[in-house]
Amino acid sequence: TMLGVMTTDASVATNIWREMVRKSVSRSFNQITVDGDTSTNDTVIALASGASGSTKISSLESSDAQQLQACLDAVMQGLAKSIAWDGEGATCLIEITVSGASNEAEAAKIARSVASSSLAAVYGRDPNWGRIACAVGYAGIHFNINDLRVSLGDILLMNNGQPLPFDRYAASTYLKEAGQIHGTVNIDISVGNGHGSSKAWGCDLSYDYVKINAEYTT
Amino acid sequence: SSADAGVVSVKSMPAAPILLPEGPWKQIPGGVTAAKGFKAAGIYGGLRAKGEKPDLALVTCDVDATAAGAFTTNLVAAAPVLYCRHILDISETGRAVLINAGQANAATGDAGYQDTVECSNAVAQLLHVRPESVLIESTGVIGQRIKKEALLSSLPKLVASLTSATEGADSAAVAITTTDLVSKSIAVETEVGATVVRVGGMAKGSGMIHPNMA
């Protein structure tokens with residue numbers, strides 16, 4: 001289960017605040033995954049006191065609303081990433097960035113599909129581009145396979161839908177070093193020339209995850 | 001650690017490294033209490049199955065705050081989720097969020113829902129606010145009802161512990177954890193229009209994580 005409580009002293013009309021929170025949740029908490037299990041209790045409550053004395057925000061299009069939205073997105077993303085970073089048994093955070101999709105929602109769906117794959121390969125420090133391409137392929141979003149580009153950190157693994165020769169040792173070392181410092185593995189994917197981009201976060205699947213959950217009874 | 005039995009130092013849990021996206025804001029201490037008008041507390045209320053890590057948190061606002069929420073779309077929604085969805089249907093504002101860790105109060109039927117109502121009403125009474133301005137979040141073992149007596153008897157100490165200081169936010173962030181290895185709390189300061197505004201938050205989560213909230 002994930003729980004969140006957000007607070008701000010900005011002044012916002014209720015319907016605007018509820019739309020801003022919904023949007024931020026879709027760009028943060030709804031884009032993380034550890035084990036693919038959607039809890040019975042997931043909740044985010046967000047309260048705006050108005051105690052800063054700021055002008056009341058009553059339109060999503062105003063620049064004030066856009067500034068507050070960007071800030072709320074950042075706080076929720078910072079917290080969402082810390083949840084994925086702290087996934088049960090995780091040794092590293094995996095950040096998937098998808099670009100070139102038709103729109104943000106399609107990019108988000110692809111990114112989350114890759115994050116949701118068990119991708120045990122990351123725990124095995126295996127630069128398994130095939131599994132990444134496979135998770136992109138079953139996301140349910142149409143794209144031209146010849147546009148698929150996949151990189152792991154700075155190492156290009158696929159381009160124009162073709163697998164590339166790459167330094168396997170360097171790629172595996174990249175994964176190993178991230179695991180040693182509980183750092184971040186970046187997987188960057190492009191699926192075309194569209195303007196849609198998004199991110200998702202997950203973590204590697206380890207033996208400890210299975211152990212922790214084998215002992216956690218209802 | 002505190003001399004007060006059961007109030008375990010929040011140092012008992014490291015804080016997560018917060019990977020904050022870049023932007024026109026700066027990170028400040030304080031989590032949920034950084035923004036003006038908010039207080040928080042986290043204490044040990046005897047709810048966890050084992051150990052004495054804080055397990056009961058409260059976040060309050062001095063005024064009627066504009067309230068929003070996002071909730072799991074899992075059809076077997078827990079009692080606090082059903083309760084909060086109802087509250088936000090009938091009310092545009094909120095004054096407090098009570099969070100308990102240890103029992104999820106999920107798949108607990110009508111009795112579990114009643115427990116949620118009773119806990120919310122008890123907090124409202126102590127804070128002298130309307131019952132429908134208190135929201136509830138629960139996390140822990142599915143199928144178990146809240147240890148209600150322990151929770152209700154801890155409320156006076158929880159309310160007395162409320163503070164706008166960073167310690168309040170930090171202890172609340174620890175109290176909401178379950179299998180987490182780190183607490184998760186963050187606050188930023190930015191300018192909206194010509195006014196300095198703060199946005200803060202806390203979260204928990206480590207397992208059973210694939211949110212689909214709406």
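Protein chains get the first letters and strands the later ones, always in sequence-line order, with residue 1 at the start of each.
Looking only at heavy-atom pairs under 4.5 Å with chain A, the residue among B:V97, B:V63, B:L181 that has the most is B:L181.
B:E137 and A:T43 are not linked by any side-chain donor-acceptor pair at a separation below 3.5 angstrom, with hydrogens and angles left out of the test.
Both the backbone and the side chain of A:W17 come within contact range of chain B, each with at least one heavy atom under 4.5 Å from a heavy atom of that chain. Heavy-atom distances place no part of B:E22 under 4.5 Å from chain A, backbone and side chain included. Looking at B:V59, only its side chain comes within 4.5 Å of chain A, counting heavy atoms on both sides. With a threshold of 4.5 angstrom between heavy atoms, A:A84 does not approach chain B through any atom at all. With a threshold of 4.5 angstrom between heavy atoms, A:V25 approaches chain B through side-chain atoms but not through N, CA, C or O. For A:V5, the parts lying under 4.5 angstrom from a heavy atom of chain B are both the backbone and the side chain. Only the side chain of A:T184 has a heavy atom closer than 4.5 Å to any heavy atom of chain B. For B:S91, the part sitting under 4.5 Å from any heavy atom of chain A is the backbone (N, CA, C, O) and nothing else. Proximity to chain A is limited to the side chain of B:L135, based on heavy atoms less than 4.5 angstrom apart.
For residues 67-77 of chain B, the interface with chain A (any heavy-atom pair closer than 4.5 Å) comprises B:A67, B:A68, B:G69, B:A70, B:F71, B:T72, B:N74, B:V76, B:A77, sorted by residue number.
Here the side chain of A:D64 pairs no donor or acceptor atom with the backbone of B:V192 at under 3.5 angstrom.
The closest side-chain heavy-atom distance from B:T190 to A:Q67 is not below 4.5 Å.
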